[in-house]
Amino acid sequence: MTLNLFYFLSFLAVLSALMVVFSKNPVYSVLYLIITFFTIAGHYILLDAQFLAVVHVIVYAGAIMVLFLYVIMLLNLNRESEPHKSNILKFAAVICAGLLLVVLVGSLKGTEAIVQQSGKAGIGYVKTLGEVMFKEFLLPFEITSILLLAAMVGAVMLGKSEKTNDTI
Amino acid sequence: MITFLTFKIILVALVFVITLLVAAYSTYAERKVAAFLQDRIGPNRAGPFGILQPLADGLKFIMKEEIIPVVSNKFLFILGPCIAMMTALMAGVLIPWGGTLTIGGETYALQIAELDNGILYVFAVVSIGVYGIMIGGWASNNKFSLLGAIRASAQMISYEIAMGLSIIALVAITGTLSLSEISAQQAGGTGGDWNFWNVVYHPLGCLIFIICAFAECNRTPFDLPECETELVGGYHTEYSSMKLGFYLFAEYINMFISSAVISTLYFGGYNFPFMNDLGLDQNMITIIGTVVMFAKVAFFIFFFMWIRWTIPRFRYDQLMNLGWKILIPLAVANVFITVASYLIFK
């Protein structure tokens, strides 16, 4: 059952990920990307990580993709206004993506042994996660949050730099 | 004796039917409440006191001619209301509608799914609910619809943050994310097991949560996505027939679910005062508790309607200012104040 679900979700994830790339309409791309995120959330649930799955849906599908869709709808891209890219650029993009694939495959090849170890019950519960995050990995966690805070302050500063006087 | 699965299927069907029924009668209640607040009579033609009005409205929605604009994106145009309706119905799964029933020695909880992180699931469903509006608004290929959709998405993202922050204090003090446990912790009684509703401990959090719930449901004073004075009909300008009905229905279902979540988180859910001192059977307490839960939900639905006819619509910049500059800092302050006072007065 779990294995069948895994194959189904994987098939859906790969298919929708391919459709993200092959769709002509950017809005369709975004919608396929949302489906991809949902299938990945499904994978997390199969791995017994419910918290991660729900947070993944809230953050990626619920917030980030809404912003993507928002921007794309505002830009109103269509065939006429689509910027034409030269062949060299496309070639470079393919090579970059291929290299990234090599790196990912290389780094994930040796992880088989680790995955089998982590089959503890209740590993995905908030309590377990919280204990790991606030005891074992407190420093990295705090540093990450400072990084995010810095990024947020930076975004606010960038948004503020163009000061105009016409207040609404 | 019924098996676990049969019970769950019955419960799912019941919650589904009740949700639709409440949503249908909310449309009637909305018009009656509006009439009451404006000193009118309201719908009174279909049946006694107009009680059959929702049926008549539903029939009208189905019988009306359906128009799909030629310039629209047909598939997404149909998908929009479907998503809106589906996500609206999904959140009801997590709400504990009552305590436990014991039938023939077996104990059944009146909750469809018990999840370790129930609140987060509700938030996830709420956060994907905006796609119905966005997709519908974009696929209509109409400027007003697009503006409505864009307003909806910006508004929902802004208020989701404040909503998420407002429950952090509650989660920190109750120590759980599960909705059934949060309700169980508010069980009332006298003497030793007297527990106040969470609203007593988290008044500010409750206020912020309710305000954000209004914004998430696109209810007045936050109904800018369908602001008819500026945007004709907002995101559903191009919709007709039952597809429009679905959008309107989804809004009422969202209202019902929000009311249920507000009552569960802050107003004791299915618990009522002195519930353990009446000397009643557990099954009886559960049944009364469910009735009490629905009474609370009904009150909050009335509250939604009451506010609608009390407070005028915000301007869009006021809406954004309220969300980002007032509610988010207040929610963060609420976390600090509540948790600090909990640690001091514990």
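Letters go in sequence order (proteins before strands), and every chain restarts at 1.
- When heavy atoms are compared at a cutoff of 4.5 Å, A:Leu67 approaches chain B by way of both its backbone and its side chain.
- B:Leu120 touches chain A through backbone and side chain together, each having a heavy atom under 4.5 Å away.
- With contacts defined as side-chain heavy-atom distances shorter than 4.5 Å, the pair B:Tyr131/A:Met65 qualifies.
- Looking at A:Val59, there are no atoms closer than 4.5 Å to chain B (heavy atoms on both sides), in backbone or side chain.
- Heavy atoms of B:Ile150 lying under 4.5 Å from chain A belong to its backbone as well as its side chain.
- In this structure, CD in B:Glu216 is found 8.0 Å from CZ in B:Phe123, a value given to the nearest 0.5 Å.
- The candidate with the highest count of non-hydrogen atom pairs below 4.5 Å against chain A, out of B:Leu177, B:Ile157, B:Thr176, is B:Ile157.
- No side-chain donor-acceptor contact under 3.5 Å links B:Trp138 and B:Ser145.
- Under a cut-off of 6.0 angstrom, the local environment of OH in B:Tyr159 is crowded, with over 12 non-hydrogen atoms contributed by other residues, nucleotides or ligands.
- Between chain B and the residues A:Val55, A:Val66, A:Val57, A:Ile34, the most heavy-atom pairs under 4.5 angstrom are made by A:Val66.
- Counted by atom type alone, A:Ser16 and A:Thr36 present one or more donor-acceptor pairs between their side chains at under 3.5 Å.
- Put simply, CD1 on B:Ile182 and OG1 on B:Thr174 are 4.5 Å apart, with the number rounded to the nearest 0.5 Å.
- Only the side chain of B:Leu76 comes within less than 4.5 Å of a heavy atom in chain A; its backbone stays farther off.
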